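Have a look at the structure below, then the notes.
Chain naming here is simple, since letters A, B, ... match the order of the sequence lines and numbering starts at 1 in each. Since the model is a prediction, treat every value here as computed from it, not as a measurement.
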There are 2 protein chains.
Amino acid sequence: MSHISRPVKAVNTPSRGDPPHGDKRSERWRGHRQARRAEFVEATVRAIGHHGAEVGMDDIAAEAGVSKPVLYRHFSDKGDLYLAVGEWGTDLLMQRIGPTLDESGSIHQRIRRIVSAYLGVIEEYPELYRFVVRRNFADRPVQTDPVTTEKTVIANSLSRLLGEYMRALELDSGGVEAWSHGLVGMVQASGDWWLDRQSMSREDLTDYLTRIIWFAIDGVLRSGGIVIDPDEPLELGPDLRAVTGEGAEDVGEQAHRG
Amino acid sequence: MSHISRPVKAVNTPSRGDPPHGDKRSERWRGHRQARRAEFVEATVRAIGHHGAEVGMDDIAAEAGVSKPVLYRHFSDKGDLYLAVGEWGTDLLMQRIGPTLDESGSIHQRIRRIVSAYLGVIEEYPELYRFVVRRNFADRPVQTDPVTTEKTVIANSLSRLLGEYMRALELDSGGVEAWSHGLVGMVQASGDWWLDRQSMSREDLTDYLTRIIWFAIDGVLRSGGIVIDPDEPLELGPDLRAVTGEGAEDVGEQAHRG
DNA sequence: GGTAGCTGTTACTAGAAGTAACACGCAATT
DNA sequence: AATTGCGTGTTACTTCTAGTAACAGCTACC
């Protein structure tokens with residue numbers, strides 16, 4: 001056991017409002033704690049891979065090579081760990097989605113790439129997916145529920161993106177938030193269903209979802225008198241280009257930068 | 001305690017492949033058991049109302065005026081009870097939706113009524129909703145998960161409905177299943193979000209959802225070269241009328257009959 | 001040296017799901 | 001009338017897992 005003695009240099013968390021101790025013995029561990037959390041999250045992901053979505057804390061601790069109390073020093077409880085795992089998954093997803101946002105392409109292609117990235121991730125980590133998305137924690141207040149949180153993050157960034165588009169095109173943006181959550185839910189539900197009974201190829205499902213998502217968006221645009229060809233390369237004004245940059249950046253902390 | 005002594009006459013379960021005992025002492029209880037299950041399910045719903053979605057089996061038993069083991073004679077385990085509660089909710093929903101299917105009206109109106117019924121139910125029983133929908137049971141195989149089951153039931157009947165429409169209109173129906181699950185998920189996710197932060201009226205959300213659902217369906221139809229006015233009263237051939245009857249009937253056992 | 005803040009352990013508690021074992025009541029069978 | 005099948009109900013247990021207590025050691029700052 002090469003324990004201890006690795007306070008890991010920097011890690012950029014410049015100033016999160018902690019009390020100004022003056023004593024540098026607390027400062028020193030900042031980065032270390034983050035690294036440790038990450039380490040445990042990864043162990044959890046591995047444990048889920050081995051044991052399935054029903055892993056217990058003991059299994060996770062074992063996978064991480066420590067005993068339970070150590071885990072509980074870094075995560076207040078199971079929900080907290082789950083939340084972190086959820087974030088891990090979201091980050092992964094955003095890493096896959098992020099780059100595709102910078103690529104040019106038609107709307108169809110853009111939607112397709114996002115959907116495809118999502119389905120790719122859940123196909124790659126089915127157990128993790130079930131652990132994070134299919135499992136809920138009713139014993140915790142809704143606001144802190146990992147799934148809700150993560151879905152909200154994604155839906156919010158979609159909201160922001162769509163909202164900017166809508167406002168730029170001078171359309172009523174009142175429904176944007178509901179639609180965003182709805183679309184996210186649609187993709188999730190479809191993926192969920194697909195994962196259980198893989199009755200069609202990923203490509204096919206991607207196609208179908210892309211189409212219906214586009215139809216939904218197109219309908220909103222049409223009702224505002226705007227018609228866009230989904231297969232034409234998308235022309236973005238500087239405003240909207242900025243938007244896509246913001247939407248992605250805001251979510252996948254470590255991703256790209258336009 | 002007016003216990004025992006109520007084997008309830010008939011209840012139509014004509015022949016579910018039980019061993020042919022010949023002894024009528026087993027026959028006698030058939031109906032009673034069903035009635036008892038229903039009774040416990042209702043007690044569970046009440047208990048959820050009092051204690052919130054985190055109710056324990058003890059609470060439920062107490063609410064029903066019995067002790068735990070009695071509960072376990074009628075439900076193999078918690079998941080089984082949850083499944084039954086889910087069915088109760090689905091039945092309720094179908095009772096609300098069912099009648100609206102027989103009413104005439106434009107597509108917009110029809111979609112609207114269904115969405116509105118759904119939102120009405122979850123608004124009326126928020127805790128029950130959270131209990132059933134937001135809570136999942138990862139400790140059980142996916143196939144038997146209450147939520148999945150109930151969503152599948154709804155999505156399947158939608159599938160059947162849409163599929164018949166599509167085939168009647170000679171369009172590719174390959175995506176119907178995915179779309180159905182997606183649409184169901186969309187409504188659920190939106191309702192979920194709305195329930196947590198009621199940032200708009202139920203009417204508004206109903207409008208927005210109705211619009212986007214119609215847009216999605218309209219897109220599919222348009223891509224097949226068919227254009228329908230969503231505000232025109234819907235003309236149904238005899239085939240399709242039969243379909244709507246079947247789709248609903250298949251789900252809400254006790255509902256109407258065209 | 002003293003102390004802060006980690007490292008780690010074993011062995012416990014707490015609470016909820018689910019079970020065992022027992023006693024009673026009714027009605028069909030014998 | 002007695003037996004027997006299938007319910008009624010109970011209290012008190014076991015089991016499982018999240019979470020905790022209590023203890024001991026290492027390293028770096030003061």
A/H74 has its side chain closest, among C/dT7, D/dG9, C/dT9, to C/dT7

Rounded to whole angstroms, how far apart are CG on A/L71 and C1' on C/dC6? 16 Å

Mind checking whether A/Y118 and A/Y129 have parallel, tilted or perpendicular rings, split at 30° and 60°? perpendicular

So which heavy atom on B/G52 is nearest to which on B/E127, and how close? CA-OE1, 3.5 Å

Euclidean distance, atom CZ of residue B/F40 to atom C1' of D/dT8 [Å, nearest integer]: 10 Å

A/D80 side chain to A/D77 backbone, donor-acceptor under 3.5 Å: no

Atom CG of B/L71 and atom CE of B/M57: how far apart are they, to the nearest 0.5 Å? 4.5 Å

Measure the distance from CG on A/D80 to P on D/dA18 and round it to the nearest whole Å. 15 Å

Tabulate atom names and distances for all N/O pairs under 3.5 angstrom spanning the protein and nucleotides 11-17 of chain C.
{"residue": "C/dA17", "atom": "OP1", "partner": "B/K78", "partner atom": "NZ", "Å": "2.6"}
{"residue": "C/dA17", "atom": "OP2", "partner": "B/M57", "partner atom": "N", "Å": "3.1"}
{"residue": "C/dA17", "atom": "N7", "partner": "B/K68", "partner atom": "NZ", "Å": "3.4"}

Pair of N/O donor and acceptor under 3.5 Å linking C/dG8 base with A/R73 side chain: yes

It should be established whether B/S67 places a side-chain nitrogen or oxygen under 4.0 Å from OP1 or OP2 of nucleotide D/dT10. yes

Near-ring test B/Y82/B/F75, centroid separation under 6.0 angstrom: no

Could you give the CZ-to-C1' distance, from A/R33 to C/dG5, as a whole number of Å? 9 Å

Check ion pair A/E177-A/R160 (N to O, under 4.0 angstrom): no

